[in-house]
Amino acid sequence: ACSNIRGVFLVFFFLERKLWNLPLLYDFQEELVIRPLHSGDIYASFQFRTVWETDFTRGNKVSHYRLFPKSLGQVISKFSVRELHISFTQGYWRTMQWGQPFQPAPPGAELWVWFQDSVTDVDSTWKELTNVLSGIFCASLNFIDSTNTVQPSASFKPLGIGNVTDHRFLRYATLPREIVCTENLTPWKKLLPCGSKAGLAVLLKSEKLFHSSFHSQAVHIRPMCQDWECKTTSWELRQTLNVVFDLHTSAQGKREWSLFKMFSRTLTEACPLASSSKIYIDITDNPEQFEVSPATPLLSQASVLGDRRTFSVYDLTQQITFGTVRSLNLLIRWKSSEGDMLRPLLHGERYVAGYGLQTGEIHTLMYNYHPYRSFPVLLLDSVPWYLRLYIHTLTVTSKGKDNKPSYIHYQPSKDRVRPHLLEMLVQLPPNSVTEVTVQFERALLKWTEYTPDPNHGFYVGSSVISSLVPSIVAMDTNSTRERPLFSSFFPCKEESSYFVRVYTEPLLVNLPTPDFSMPYNVICLTCTVVAVGYGSLYNLLTRSFQIEEPNPGLAKRIANVIRKMRGVPPL
Amino acid sequence: MAAPLTLLLILAVTIRAALYRSSLADLIAERVEVVSPLTAWKRVVEGLALLDLGVSPYAGDVFHETPLIIYLFHFLVDYAEITFMVSAINDVFVVPIQFRKQKYALEAERYPLDCLELIRSPKEMYYIPLKVAMFYLLNPFTILSCVAKSTCGLNNAVIALFILTTIKGNVLLSAIFLSLATYQSIYPLTLCAPALLYLTQRQYIPVNFRRFSFWWFVAQYAFMYLGSLFVMICLSFFLLGSWDYLPSVYGFILSVPDLTPNIGLFWYFFAEMFEHFRLFFLCVFQINIFFYTIPLSIKLKEHPVFLIFMQLAVISIFKSYPTVGDIALYLAFLPVWSHLHRFLRNIFLVSCVLLACSALFPVLWHLWIYAGSANSNFYYAITLLFNVAQILLVSDYFYAFLRREHHLSYGLYLKRKDGSEATLVLK
């Protein structure tokens, strides 16, 4: 078994060498990581990576697209995009029960883009880009406008190459209310080179994928180096899909998972256009507690999210993986349910305190579970303009004492134009909870500005907590040569710390509402009151006092009229 | 006179100090009837905090005070309570002094004999300053406004100083304080007319449009007024180095973007307005305040002090963000016209409605915002009723004033042609 593993390592080694030394014009890799979670749920993460050596920015129109989807290539060249990250998520990632995800995403839709330096009017380019992406992904991204777009000053540094510090070219927007469904999955699958016809993408069936606790699909585009000297840059497109299947709804309570149970399909072949197509099953946690079948001799070790994990590898490009039945249905069966999982070191929560529809308080809690190290985190909060934040009420407390942030960037909102932006660098003491509170006041909007269901409430997007977390388990430097996709997504430093981005829950806040059936009545009544004022003053200004002559009765008046007609003096 | 006044001052200061230290202070400072987005103390503190953070207070939409307030409170923020109490007391000293000057001695011989009972005796007038002080200092509206540290108190103090200097006849100071009042909120601009009328009367310049002396005086006053206004605007520019405050303060007052409920008529009206007509009705409502100046000045050209009262009342009722502090200012004038009580027709009804509405405001607010069992229409209805009551009060006093003038000219007990008692009507 040991020599087999070494042999396999050599094969990988040569393949990787090929990737690094000889610049390949096109490359497509697909991968699926299955991680059984401690609670009995199962986490599946798909990644499809296309690398293409081309230059969108030079101005010469690229017209021959092979593996790279044409729609996205045209988007990059037309809008001078340097980096694009878009995600659609349904559900909220429960960090304390499930650990850290490979690609975190907030509920709803999230889009952040770095534009090239050559863009002159970033705001109008952003508006056009969101509309085009809304068409490509069949999502209502056209609701992204200046009232929910912010320009972070410290978070969301570029993930690709580039030495940029000018945050004027960065835009970040989130739509917490956005719902993800099959209409979003289908265009996403169409962007894959093999579509959903071959390779791992055949498993992506919407009736099973959306019947889950958490579903997140994302597209990440960034420029990257082709070789160590970075003489040529190429564009990398990663499509990721993370899904967590619930033990009780998908597995009927039995701790036994299989590909068929999860996706109602089995695998028959790899995508022919892929240079590598692999399935990794995480067997670090108590390998004696569950068994995986069919067994595989291939093993891989990787350091991901500060933890050294062992994976069983199934290489779909090898015909032997499919066995005699020509289909692969992995089976994971638990033998016992003991053991505990590694507690995540950084966790965030957020809620609204207060009662009534006039004021409230946003509380953000950040947990640092590291036993002895403190580390700084960058907190980004974007609050819509109709919740008026009072920044003088901002308090940051850790362990009961005041914890002053070392960097605060606050951009106040302008009514109906832009939202609040609060970015803070907070040092979290070890093994503690840090609470950030800020008071707000709820505004009364014009009756046309409410959504059709105003009493549902208004969503406030998730806070973003970004940090370089020191890991408890040191990273093994020997294993940096072979770099599986899931560990190379975020940049890792040589010392044992890893980048983590945690999203808190979105908030649902009620605003006071006027009566929507009353516009005409209100206009009439208020104008009546103003007219009462006008009328009384007009009377007093234009009339003068006179002695009143008593009015004769009706009979006498009629008699007087008849007398006048007769020419006789009146009574 | 000094002793009861001092006693009254001590009582007023005690009440305010006691309320400042109690837990009610925070509760009152959040009431929408007492503070508005223009005058709230919380927003002043927020503006100063933004300045400390290095962000312009006018970059956001929370702070709508003028830069001179920033200047003032940058140094006085720890002594805020004392500042507001001083401004309240200032009002009191200012307001009664003016009414010592009544035209009693000048005109006694002009009136018919049976009107003597209409003329006020010096004894009555002796107590008017004390009554005015009591009406202002012990008015619950004023106390609430002071405890909430609403900057309405400062605006009222400036207007009171303007009235004092006008009555004293000091043209320069009158122009300066009027421009300061206009700079704080635009509406005191309408007080130019009564100020001009009073000052021309005092200087025995007849108000005749064909006379050069009248126009010369008007030009002088306008020059002083516009000059001091210009100086203040330039000083404000130099505080922050930008003109951002102009749309933030004056644009905010005139275009009413913030629809926070208050006791006025604007908020619900513009919350429910059809977008197409918004600008039209905005202009109508704003012109409504300035529109009564000229007719009232023509009718009341011999009585500029009553004209000041009428103008203040119209501003307080129809301004875009009224609070109870504004109402307290013109209510303080009512004891001055105590001789009009025999001609008031609706005073009982009006006072009952005002009391009932003042009690119902917090109840219906709680039901709408906290209990959720009422909706915004309830609070809006009380707003309407409150404003109707105020309008009735003001027009009632106007009626009584005009009627007294009529009686002073024609006699108190009028008889018809056949000798029976006559009734007067407006025709």
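Lettering follows sequence order; numbering is per chain, from 1. Computed from a predicted structure; not experimentally measured.
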Undergrad: Under 3.5 Å, is there a donor-acceptor pair linking the side chains of A/Thr526 and B/Tyr380?
TA: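 Yes - a donor-acceptor pair under 3.5 Å links their side chains.
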
Undergrad: With chain A, which of B/Gly372, B/Ala381, B/Ser376 has the greatest number of heavy-atom pairs at distances under 4.5 Å?
TA: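 Looking at each of B/Gly372, B/Ala381, B/Ser376 in turn, B/Ser376 comes out on top.
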
Undergrad: Taking only Lys NZ, Arg NE, NH1 and NH2, and the carboxylate oxygens of Asp or Glu, determine whether B/Asp258 and A/Arg388 approach each other closer than 4.0 Å.
TA: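 A salt bridge is present here (some side-chain N lies under 4.0 Å from a carboxylate O).
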
Undergrad: Output the option from A/Trp385, A/Tyr410, A/Tyr534, A/Tyr538 having the highest count of non-hydrogen pairs under 4.5 Å with chain B.
TA: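 Option with the greatest count: A/Tyr534.
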
Undergrad: Taking all atoms of both residues into account, what is the closest heavy-atom pair of A/Gly533 and B/Tyr292, and its distance?
TA: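 Minimum heavy-atom separation between A/Gly533 and B/Tyr292: C-OH, 4.0 Å.
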
Undergrad: Taking A/Leu540, A/Val529, A/Thr542, A/Thr513 one by one, which has the highest count of heavy-atom pairs under 4.5 Å against chain B?
TA: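 Max contact count across the listed options: A/Leu540.
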
Undergrad: Please report the closest heavy-atom contact between A/Lys414 and B/Gly60, naming both atoms and the distance.
TA: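 Looks like NZ-O, 3.6 Å.
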
Undergrad: Sort by residue number and list every residue of residues 50-58 of chain B having at least one heavy atom under 4.5 Å from chain A.
TA: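 Listed by number: B/Leu50, B/Leu53, B/Val55, B/Tyr58.
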
Undergrad: So which residue, A/Tyr520, A/Tyr355, A/Phe516, ends up with the most heavy-atom pairs under 4.5 Å with chain B?
TA: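 Of the candidates given, the most pairs with chain B belong to A/Tyr355.
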
Undergrad: Do B/Asn375 side-chain atoms and A/Asp515 backbone N/O form a donor-acceptor pair below 3.5 Å?
TA: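 Between the backbone of A/Asp515 and the side chain of B/Asn375 there is no qualifying donor-acceptor contact (under 3.5 Å).
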
Undergrad: Quick check: under 4.5 Å, non-hydrogen atoms only, which of residues 444-452 of chain A neighbour chain B?
TA: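 Listed by number, the contacting residues are A/Leu444, A/Leu445, A/Lys446, A/Trp447, A/Thr448.
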
Undergrad: Can you check whether B/Glu30's main-chain N or O pairs, donor with acceptor, with A/Gln358's side chain at less than 3.5 Å?
TA: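 Yes; judged by distance alone, with no hydrogens or angles, the pair exists.
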
Undergrad: Going by the rule salt bridge (Lys or Arg N to Asp or Glu O under 4.0 Å), which residues pair with A/Glu361 if we only count those two or more places apart in sequence or in a different chain?
TA: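 Partners of A/Glu361 by the salt bridge (Lys or Arg N to Asp or Glu O under 4.0 Å) criterion come out as none, since no residue qualifies.
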
Undergrad: Looking at A/Asn539, A/Val532, A/Val530, A/Asn510, which has the largest count of heavy-atom pairs under 4.5 Å with chain B?
TA: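 Most heavy-atom pairs under 4.5 Å with chain B: A/Val530.
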
Undergrad: Give the minimum heavy-atom separation between A/Arg543 and B/Lys299, together with the two atoms involved.
TA: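 What the structure gives for the nearest pair is O-NZ, 3.6 Å.
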
Undergrad: Count the heavy-atom pairs under 4.5 Å between each of A/Ser413, A/Pro512, A/Ala443 and chain B, then report the option with the highest count.
TA: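 So the answer, after comparing A/Ser413, A/Pro512, A/Ala443, is A/Ser413.
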
Undergrad: Does A/Tyr390 reach the side chain of B/Arg43, with side-chain heavy atoms less than 4.5 Å apart?
TA: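 Yes; the side chains approach each other to less than 4.5 Å.
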
Undergrad: Using a cut-off of under 4.5 Å for heavy-atom pairs, which of B/Val45, B/Asn387, B/Val388, B/Leu296 has the most such pairs with chain A?
TA: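 When all of B/Val45, B/Asn387, B/Val388, B/Leu296 are compared, B/Val45 has the most.
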
Undergrad: Taking every heavy-atom pair that is under 4.5 Å apart, which of B/Val314, B/Leu402, B/Thr383 has the most such pairs with chain A?
TA: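 Among B/Val314, B/Leu402, B/Thr383, the one with the most close pairs to chain A is B/Leu402.
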
Undergrad: Contact between B/Pro257 and A/Arg416 at the side-chain level, heavy atoms closer than 4.5 Å - yes or no?
TA: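 Yes. Closest side-chain heavy atoms under 4.5 Å.
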
Undergrad: B/Phe277, B/Phe291, B/Trp365, B/Phe266: which one forms the most heavy-atom pairs within less than 4.5 Å of chain A?
TA: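 Top option by heavy-atom pairs under 4.5 Å: B/Trp365.
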
Undergrad: Side chains of A/Ser536 and B/Leu392, heavy atoms from C-beta outward: is any pair under 4.5 Å?
TA: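 Not touching, per the 4.5 Å side-chain cut-off.
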
Undergrad: Given heavy-atom pairs under 4.5 angstrom as the criterion, report whether the side chain, backbone, both or neither of A/Leu394 touches chain B.
TA: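 For A/Leu394, neither part sits under 4.5 Å from chain B.
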
Undergrad: Identify the two heavy atoms, one from A/Ile523 and one from B/Phe281, that lie closest to each other, and give their separation to 0.1 Å.
TA: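 Reported closest heavy-atom pair: CG2-CZ, 4.3 Å.
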
Undergrad: Out of B/Trp267, B/Phe285, B/Phe269, return the one with the most heavy atom pairs under 4.5 angstrom to chain A.
TA: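 That would be B/Phe269.
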
Undergrad: Might you point out which heavy atoms bring A/Pro519 and B/Glu272 nearest each other, and give the distance in Å?
TA: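 That would be CB-O, 3.3 Å.
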
Undergrad: Report which part of A/Arg442 has an atom under 4.5 Å of a heavy atom belonging to chain B: side chain, backbone, both, or neither.
TA: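 Neither part.
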
Undergrad: Do B/His406 and A/Gln546 come close enough that some side-chain heavy atom pair is under 4.5 Å?
TA: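 Not in contact.
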
Undergrad: What part of A/Thr528 lies closer than 4.5 angstrom to a heavy atom of chain B: side chain, backbone, both or neither?
TA: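 No part of it gets close to chain B.
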
Undergrad: Less than 4.5 Å apart, any side-chain heavy atom of A/Val522 and any of B/Met273?
TA: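 A/Val522 vs B/Met273: side chains apart.
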
Undergrad: Tell me, which pairs form a salt bridge (Lys or Arg N to Asp or Glu O under 4.0 Å) where one or both residues lie in residues 379-399 of chain B, sequence neighbours left out?
TA: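 Of all non-adjacent pairs touching residues 379-399 of chain B, none passes salt bridge (Lys or Arg N to Asp or Glu O under 4.0 Å).
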
